[in-house]
Amino acid sequence: MNTALELKNVSKSFGLVKANKNINLAVEAGSIHGIIGENGAGKSTLMNIIYGMHRADSGEIHFGGQHVDVRSSADAIEHGIGMVHQHFMLVPTFTVLENVMLGTEGGLMLRDGRGAALERLLHLSETYNLKVDPHALVSDLNVGQRQRVEIIKALKGGAKVLILDEPTGVLTPQEADQLFEILKVLRDDGVSVLLITHKLSEIMDITDTVSIMRQGEMVGHRKTSETSPQELAELMVGREVLLEVDRKPAKPGEVRFSAKNLGYTNAQGVVELEDINFEVRSGEILGVAGVSGNGQTQLMETLAGMRHLTSGSLNILGTEVTAADQTDPRIIRDLGVGHIPEDRHTHGLVLNFEARENMILGFQDTGLAGDGKLFDYTAIQKNCEDKMAHYDVRPPNPRLNAKNFSGGNQQKIVIAREFSANPGVLLVGQPTRGVDVGAIEFIHKQLLELRDAGCAILLVSVELDEIMSLSDRIMVLCDGQNVGIIDSAKADRQTLGLMMAGQRQEAAA
Amino acid sequence: MSTPTPPLPRWADLILLPIINLFAAFFICGLIVLAIGENPIEALGVMIKGAFVYSGGLGYTLFYTTNYIFTGLAVALAFHCMMFNIGGEGQALIGGLGAALASFGLGVYLPAPLAIPLAVLGAFIAGGIWGVIPGYLQAKRGSHIVITTIMFNFLAASLMVYLLAGPMLEAGQQSPQTARLAESTLLPKMADMLRPLGINITSSPLNASFLIALGAMAVFYVLVWHTRLGFNIRSVGQNQEAAHYAGINVARTIIITMAISGGFAGLLATNEILGFNHKVVLNFTAGYGFTGIAVALMGRNHPIGIFLAALLFGALTQGGGELDFEFQSITREMVLLIQGMIILFSGALAYMFNPPLARMIAKFVAPKDPANG
Ligand SMILES: Nc1ncnc2c1ncn2[C@@H]1O[C@H](COP(=O)(O)OP(=O)(O)OP(=O)(O)O)[C@@H](O)[C@H]1O
Ligand SMILES: [Mg+2]
């Protein structure tokens, strides 16, 4: 057996938080090695140590059997490590080629390095089927394409170990499948892939071995062929986990939220939503399915008031909103609509704010921030402590900046804030993106409790399973149009797949 | 993404690092003084005595400090909203115009307790107007605030020349300046205010405006960290999209921020015009608006930090004058050089000593590094 990478007794603390405790890990050459663990278990920290972004407090790193001192990511790259981060690190205003060149421009004039970089880029994209236009601006690419750019960047120095931190969190299932094909080719080429994911199905499908972390410790290593999702989930969380949602039939009440001939045309004149009609009743969940990029984001943002609808109308808890009303998120929120945005980093959180400040974001004008004219930090602190306890945010430190929480815990902060406002209508985008199995179970349970308490919920997710297991009815979007709404009891993957491709299901509606 | 640097403890970041930067600046300046054949230690002594010890020195220092506090606060507030307000100079000039208009227009009819607040308000509002226009252009038209505030500095300067040499020129005067402001709107000297209390200090330009500056610091602190508006300002500054999501009116917040920021700069006129010159003279802002950027930067956009930075610059201005006076070969320009060095080390190169310092501290206090935040 040939180990590409070995960690011996690696430890790392951030202040009082012990993010990694005496971690041992061996990764075989030419294998796909999964790393799983709850939010905040220390996975990203460990990967950042390997990649030289953090320095371990103690312990050793061996590459190809050789003990090395990794002081910076430049060191790591030199030793054949490549990494794609949980949150992309591309310059949006640069082209793909420029992003790939970044850090290895070579020479005084850009032109010298350009030719070589282009050649390398085309070679990689050919060999591993990483299709992307070298001259496109990164800001014009969708997430899947951006990720390919990140992978090319990681591979350009001839990486022997490729680290992917939650690569599928932002991908559609189709894009994820494409990614896995790429990873298999890489593996067969002798590259070791370290894959972090919260999706046990992906671990089962693609990895050869899997290591499980819990609260900073490595709690086990398994051969994928010899384990089961149930066992992995229990190792991760330390208790039994319900992987299936237990959903009782809905008892829908009055219509709380509806759209009539809703349309949205952007500033460039592109029609992004057309003629959308739906109703959401109290006590039910309407799921929105579709291949990502078919108008889900626009729909959510229009409903939440972040964009102005350009035609048709909305009825929100009895208030009529038309294109003539210049809505904004404040107005919609004040009508009683909660919103969990799809992208927590751009919309849901101010990363440089403390957790307690984020816990009142959007509610800064309400009593949560204090009853008087001035902020009441005692109340703000208490509010955050309570919500952190109830939603199990770790570490439960209201003074920690949002950016220092792990991805899943950041999501829990947003969820805690929006759920506990007890909204009459709730717009939910990708609620469990980057969230661990234990937390998914919790979030799903909370969503259903909100539903049963009478909330009208509109749920957008790229996870078809999530949509199917939570929704009472499912609306399918294709190309900004509503293909149809079907009862979730009658929905199966086949039907939904056809609808997502644009086939109308009049009969089923 | 090069070498991983351990985070610097808060105390080191806020206290140790600025001191090291300051020392570095003084060290380089010392070398230069040495090079022109003077004794740097002696020069430093003269400066410190000039700024704090000689009779009236402290008064002058605090007088200059007052100016730096106002412009520092102006820049810092805009910074919290991620706006780079380079227009402090122009806003302060127009603040002078506002103070004068209030004084001539209303002050003459009113007793001091009413007239003074009016004149102060005049300075604040006029400066605010000069800040709010670029703010509006940025928020609604996307014209970059840096460009527009610079342009507004030129506009303000030209406008003042026109007014002071024309419509507002004192009858029979040769040099461009207004007549003396209404007596009831002039701010009392600090020395005169303290005398009835039995405290005797040497008379200096230091006046009640210093108290206004301290008040402005308190207002700044409460505004930024304890009000909803402050929360909105910081949200917009840190993440506009999240602010929009949270129902904050981004454009309005930018406009309001620039209005208040301009107002702070405008208050400089309370010190220079209402407190000292007692009439509007040409170019009374003398670059304070620009130095305010360095003050805010060095003061980390926090009122306490701004006060300390302003005090430093105030002492430099005063002590530097003394230096010019005492030494043949050291001129006013030398003082500007020192200021420049300090700006360079604590502004532009503020974090130069961060990595080595952080590594050193990490080595010493690693075992019980306090929890973040
Ligand atoms: N820069 C930092 N400062 C302070 N604490 C940090 C920092 N980075 C990480 N942590 C803490 O270290 C712990 C491990 O975080 P890490 O990001 O490695 O988790 P993770 O396993 O990747 O979780 P997720 O699945 O949610 O991404 C968390 O408790 C986190 O809050
Ligand atoms: Mg992570």
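Just so we're on the same page: letters track the sequence lines, and every chain starts at 1.
Using a 4.5 Å heavy-atom threshold, the side chains of B/E241 and A/M306 count as separate. Side-chain atoms of B/Y245 and A/E301, non-hydrogen and from C-beta on, never get closer than 4.5 Å to each other. Residues A/Q364 and B/I248 have side chains in contact (heavy-atom distance under 4.5 Å, counting atoms from C-beta outward).
A cation-pi arrangement, defined by a distance under 6.0 Å to the six-membered ring centre and an angle within 45 degrees of its axis, is absent between B/R228 and A/F375.
With values rounded to the nearest 0.5 angstrom, B/N239 atom CG is found 10.0 Å from A/H345 atom NE2. Taken to the nearest 0.5 Å, the CD atom of B/Q240 stands 11.0 Å off from the NE2 atom of A/H347. Distance check, rounded to the nearest 0.5 Å: OG of B/S235 to CG of A/N352 gives 11.5 Å. A distance of 11.0 Å separates NE2 in B/H244 from CZ in A/R330, rounded to the nearest 0.5 Å. Separating the CZ atom in B/F231 from the CZ atom in A/F353 is a distance of 5.5 Å, to the nearest 0.5 Å.
Considering only heavy-atom pairs separated by less than 4.5 Å from chain A, the leading option among B/G230, B/A243, B/A242 is B/A242. Ranked by heavy-atom pairs under 4.5 Å with chain A, the first of B/T227, B/L229, B/N249 is B/T227. Of the residues considered (A/D57, A/V350, A/D365), A/D365 shows the highest number of contacts with chain B, using heavy-atom pairs under 4.5 Å.
Counting heavy atoms of neighbouring residues, nucleotides and ligands inside a 6.0 Å radius, atom NZ of A/K21 exceeds 12 of them.
Heavy-atom distances place no part of A/F363 under 4.5 Å from chain B, backbone and side chain included. Using a 4.5 Å cut-off between heavy atoms, A/L349 touches chain B through its backbone atoms (N, CA, C, O) alone. With a 4.5 angstrom heavy-atom cutoff, A/T327 does not touch chain B via any of its atoms. Looking at B/N232, the atoms closer than 4.5 Å to chain A (heavy atoms on both sides) all sit in the side chain, from C-beta outward. Of the atoms belonging to A/A369, heavy atoms from both backbone and side chain fall under 4.5 Å from chain B. Contacts of A/D328 with chain B are absent, with no heavy-atom separation under 4.5 Å from either backbone or side chain.
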